[in-house]
K.L.:
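Structure incoming, see below.
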Amino acid sequence: MKKVGFIGLGNMGLPMSTGLINAGYHVVGYDLNEEAARSFKKAGGEIAASIAQVAEKSELILTSLPSVKAVEEVFLGEEGLVNNVKPEQPLIDTSTVSPDLNVVIAKVCRENSLDFLAAPVSGGVIGAVNQTLTVMVGGPKQLYEQVLPVFQVLGENIFHVDEQIDSGTTVKLINNLLIGFYTAGVSEALQLANKKKLDLDELFSMLNVSYGQSRIYERNYNSFIAKENYNPGFSLKLLRKDLEFAMELADENQLDLPISKSLLALYRTVEREGYGDQDMAVLYEQVKKQSNKKEATQ
Ligand SMILES: NC(=O)c1ccc[n+]([C@@H]2O[C@H](COP(=O)([O-])OP(=O)(O)OC[C@H]3O[C@@H](n4cnc5c(N)ncnc54)[C@H](O)[C@@H]3O)[C@@H](O)[C@H]2O)c1
């Protein structure tokens, strides 16, 4: 398959589609945002004016979209994929959405004799740029094997979780629950270092070879906190969305996860305070403000 469609050319979609272009695929892209579309064109992609045009020109279509609403619109909307693709054009959603939405889309696709995989990814923008993403795929194994060469361009670690369409999403939500914990942990732990006037770079080199080490500490500290630049990356509101899906999954399975619940409440508060569009690492700045405020009132 050398002609690929790509819908959603944002922080993840742009580098993922660029990786495909660099690997020799002809990629036809679509995004509501003109700036995203322009960057994609600059990377060597062909811009389509509609989802129908993407469908017309591609053998397989990938999506990377920010919300349940966007995924519903792109797949199930009147002008969407289901009404425009043919049975021989597989659809692959790499967005992180609710497991329920994976199930609904798979059902509609089945009713229309269309092939669909839910394949969320992990590894962030850096992983997308370096083509080292982890891909967690749920859905028919035979279809997974057919489209594997495309996944192998996007990432290094490709897993077929099982035939259940939402199985990859379940793994991804567990992953992002851990990301939520680590991001909050780094944000609070570093405040102690600030109070004790420790050099944060030196602290990082020590903890990075100790049990306090984590990939999220490394990512959040080196790419954002140390640079005092919170341009995403992975926006805080997207992490909040994933924590909500994880909590819904816990509720549906009669699981009480009190620490995770407080974590979600924390991210919701920080988003309400206007940090939603910044990288999730910005939680560090908010925790810093809050902990210092507390001290001022004592
Ligand atoms: N950013 C990360 O580090 C990261 C990592 C892994 C997974 N994800 C997941 O990947 C998905 C995309 O994340 P992102 O960070 O690239 O988000 P983003 O907001 O940067 O990009 C989403 C793009 O989709 C476009 N879009 C929205 N609605 C559309 C529609 N109806 N039709 C066409 N285009 C539309 C937007 O204009 C935007 O360019 C999300 O589900 C996210 O949870 C993100």
Side-chain angles (χ1 to χ4, degrees), residues 5-19 28-41 43 45 47-55 61-81 84 92-99 101-102 105 118-137 154-155 157 168-169 171-180 183 215-216 219-220 223-224 230-246 267 276-282:
F6 211 112
I7 300 176
L9 305 165
N11 288 322
M12 291 299 283
L14 180 63
M16 286 164 82
S17 55
T18 304
V28 183
Y30 176 70
D31 197 298
L32 294 178
N33 179 319
E34 281 178 19
E35 203 186 312
R38 264 197 305 276
S39 308
F40 170 73
K41 198 170 168 203
I47 275 294
S50 64
I51 293 175
Q53 254 186 32
V54 175
I61 299 166
L62 291 147
T63 50
S64 173
L65 295 158
S67 63
V68 162
K69 188 169 165 273
V71 172
E72 279 175 347
E73 212 170 280
V74 166
F75 278 82
L76 310 176
E78 212 163 301
E79 315 277 310
L81 285 169
N84 281 290
I92 303 170
D93 188 20
T94 68
S95 324
T96 310
V97 293
S98 66
L101 183 59
N102 292 157
I105 291 180
V121 297
S122 179
V125 174
I126 291 181
V129 170
N130 295 337
Q131 296 168 255
T132 55
L133 291 171
T134 297
V135 188
M136 306 144 184
V137 189
L154 302 177
N157 297 295
T169 296
V171 176
K172 170 70 184 172
L173 295 181
I174 295 169
N175 180 66
N176 281 23
L177 186 53
L178 286 170
I179 290 177
T183 292
R215 282 183 71 184
I216 288 296
R219 171 204 185 274
N220 288 5
S223 301
F224 301 95
Y230 297 96
N231 202 19
F234 183 41
S235 67
L236 186 131
K237 69 179 179 203
L238 289 184
L239 178 59
R240 184 267 307 146
K241 150 187 83 73
D242 297 345
L243 296 177
E244 273 169 1
F245 295 145
Y267 284 101
D277 288 323
Q278 301 199 44
D279 188 84
M280 64 179 178
V282 78

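When reading the values below, keep in mind they use all heavy atoms of this one structure, side chains included, and skip hydrogens, waters and symmetry mates. Counting begins at 1 with the first residue of the sequence. Counting starts at 1 for both ligands and their atoms, following the listed order. Computed from a predicted model, the values in this text were never measured in an experiment.
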K.L.:
For Glu244, check side-chain contact (heavy atoms from CB on, under 4.5 Å) against everything at least two apart and list the hits.
P.N.:
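If we apply the side-chain contact (heavy atoms from CB on, under 4.5 Å) test to Glu244, skipping adjacent residues, the hits are Arg240, Leu264, Arg268.
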
K.L.:
Name the closest protein heavy atom to atom 21 (O) of ligand 1, giving the residue it belongs to and the distance to 0.1 Å.
P.N.:
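It is Gly10 CA, 3.3 Å.
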
K.L.:
Could you list the atoms of ligand 1 found under 4.0 angstrom from a heavy atom of Asn33?
P.N.:
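Listed by number with element: 37 (O).
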
K.L.:
Identify the protein heavy atom lying closest to atom 43 (O) of ligand 1, giving its residue, its atom name and the separation to 0.1 Å.
P.N.:
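It is Lys241 NZ, 2.8 Å.
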
K.L.:
Would you say Leu178 has more than 12 foreign heavy atoms packed within less than 6.0 Å of its CG?
P.N.:
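Yes, enclosed.
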
K.L.:
Report, in ascending order of atom number, the atoms of ligand 1 lying under 4.0 Å from any heavy atom of Val74.
P.N.:
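Contacts of ligand 1 toward Val74, numbered from 1: 30 (C), 31 (N), 32 (N).
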
K.L.:
Verify, without hydrogens or angle tests, whether Asn175 (side chain) and Val171 (backbone) share a donor-acceptor contact under 3.5 angstrom.
P.N.:
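Not confirmed, Asn175 side chain does not pair with Val171 backbone.
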
K.L.:
Among Met12, Lys237, Arg219, whose heavy atom sits nearest atom 5 (C) of ligand 1?
P.N.:
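That would be Met12.
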
K.L.:
Measuring from atom CG of Asn176 to atom OG1 of Thr183, what distance do you get when rounded to the nearest 0.5 angstrom?
P.N.:
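Here the rounded value is 9.5 Å.
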
K.L.:
Can you check whether Asp31 has an N/O within less than 3.5 Å of an N/O in ligand 1?
P.N.:
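In this structure, Asp31 places an N or O atom under 3.5 Å from an N or O of ligand 1.
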
K.L.:
Only heavy atoms of Ala70, strictly under 4.0 Å: list the atoms of ligand 1 that pass.
P.N.:
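That gives atoms 28 (N) of ligand 1.
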
K.L.:
I'd like to check whether Thr96 has a polar contact with ligand 1, where a contact means an N/O of the residue lying under 3.5 Å from an N/O of the ligand.
P.N.:
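Yes: some nitrogen or oxygen of Thr96 is under 3.5 Å from one in ligand 1.
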
K.L.:
If the cut-off is 4.0 Å to any non-hydrogen atom of Glu73, which atoms of ligand 1 fall inside it?
P.N.:
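Numbered from 1, ligand 1 contributes 31 (N).
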
K.L.:
Whether the side chain of Ser17 engages the backbone of Leu14 through a donor-acceptor N/O pair (distance < 3.5 Å, no angle test) should be reported.
P.N.:
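Yes, Ser17 side chain to Leu14 backbone: donor-acceptor pair under 3.5 Å.
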
K.L.:
Give me the nearest non-hydrogen protein atom to atom 34 (N) of ligand 1 as residue plus atom name, then the distance to 0.1 Å.
P.N.:
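Looking only at protein heavy atoms, the one closest to atom 34 (N) of ligand 1 is Leu32 N, 3.5 Å.
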
K.L.:
Evaluate the criterion side-chain contact (heavy atoms from CB on, under 4.5 Å) for residue pair Leu101 and Phe245; output intermediate values, then yes/no.
P.N.:
CA-CA 11 Å; Leu101 183 59; Phe245 295 145; over 6 Å; no

K.L.:
So Ile105 and Val97, side-chain contact (heavy atoms from CB on, under 4.5 Å) or not? Walk me through it.
P.N.:
CA-CA 11 Å; Ile105 291 180; Val97 293; over 6 Å; no

K.L.:
Take every heavy atom of Lys69, measure it against each atom of ligand 1, and state whether any distance is under 4.0 Å.
P.N.:
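Per 4.0 Å heavy-atom rule, Lys69 does not contact ligand 1.
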
K.L.:
Give me the residue, atom name and distance of the protein heavy atom closest to atom 20 (O) of ligand 1.
P.N.:
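In this structure, atom 20 (O) of ligand 1 has Asn11 N, 2.9 Å as its nearest protein heavy atom.
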
K.L.:
Consider every N or O of Gly124 and every N or O of ligand 1, then say whether any pair is closer than 3.5 Å.
P.N.:
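In this structure, Gly124 places no N or O atom under 3.5 Å from an N or O of ligand 1.
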
K.L.:
Would you tell me which option among Leu65, Ile126, Val121, Val71 has the nearest heavy-atom contact to atom 26 (N) of ligand 1?
P.N.:
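Nearest heavy atom to atom 26 (N) of ligand 1 lies in Leu65.
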
K.L.:
Are the side chain of Asp31 and the backbone N or O of Leu9 linked by a donor-acceptor pair below 3.5 Å?
P.N.:
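Side chain of Asp31 to backbone of Leu9: a pair is present.
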
K.L.:
Find all atoms of ligand 1 within a distance of less than 4.0 Å from any non-hydrogen atom belonging to Lys172, and give their numbers and elements.
P.N.:
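In order of number, 6 (C), 7 (C).
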
K.L.:
Counting each atom of ligand 1 from 1 as listed, which ones have a heavy atom of Gly8 under 4.0 Å away?
P.N.:
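Every atom of ligand 1 under 4.0 Å from some heavy atom of Gly8: 24 (O).
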
K.L.:
Can you check whether Gly233 has an N/O within less than 3.5 Å of an N/O in ligand 1?
P.N.:
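Between Gly233 and ligand 1 (N or O atoms, distance only) the closest approach is under 3.5 Å.
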
K.L.:
Determine, step by step, whether Ser223 and Asp279 satisfy the side-chain contact (heavy atoms from CB on, under 4.5 Å) criterion, reporting the C-alpha distance in whole Å, the side-chain angles of both residues, the deciding distance to 0.1 Å, and the verdict.
P.N.:
CA-CA 10 Å; Ser223 301; Asp279 188 84; over 6 Å; no

K.L.:
What atoms in ligand 1 come closer than 4.0 Å to a heavy atom of Tyr30?
P.N.:
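It comes down to these atoms of ligand 1: 32 (N), 33 (C).
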
K.L.:
Provide, to 0.1 Å, the distance between atom 12 (C) of ligand 1 and the closest protein heavy atom, together with that atom's residue and name.
P.N.:
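So the nearest neighbour among protein heavy atoms is Ser64 OG, 3.4 Å.
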
K.L.:
Give a yes or no answer on whether the side chain of Tyr267 reaches the backbone of Leu239 with a donor-acceptor pair at less than 3.5 Å.
P.N.:
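It does not hold such a pair.
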
K.L.:
I'd like to know whether Ile51 forms a side-chain contact (heavy atoms from CB on, under 4.5 Å) with Glu79, so could you lay out the CA-CA distance, the side-chain angles of the two residues, the decisive distance to 0.1 Å, and finally the verdict.
P.N.:
CA-CA 7 Å; Ile51 293 175; Glu79 315 277 310; 5.7 Å; no

K.L.:
What atoms of ligand 1 come within less than 4.0 Å of a heavy atom belonging to Ser95?
P.N.:
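Close to Ser95: 41 (O).
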
K.L.:
Among all protein non-hydrogen atoms, which one is nearest to atom 22 (C) of ligand 1, and what is the separation to 0.1 Å?
P.N.:
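For this ligand atom, the closest protein heavy atom is Pro66 CD, 3.7 Å.
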
K.L.:
Kindly list each side-chain donor-acceptor pair under 3.5 angstrom involving residues 63-76, sequence neighbours excluded, with atom names and distances?
P.N.:
from: Thr63; atom 1: OG1; to: Ile92; atom 2: O; distance (Å): 3.4
from: Thr63; atom 1: OG1; to: Asp93; atom 2: OD1; distance (Å): 2.7
from: Ser67; atom 1: OG; to: Ala70; atom 2: N; distance (Å): 3.1

K.L.:
Quick one: pull up CE in Met12 and CG in Leu133 and give me the separation to the nearest 0.5 Å.
P.N.:
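Rounded to the nearest 0.5 Å, the CE-CG separation comes to 4.5 Å.
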
K.L.:
I need the nearest protein heavy-atom contact for atom 13 (O) of ligand 1: residue, atom name and distance, please.
P.N.:
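Of every protein heavy atom, Leu238 CD1, 3.7 Å lies nearest to atom 13 (O) of ligand 1.
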
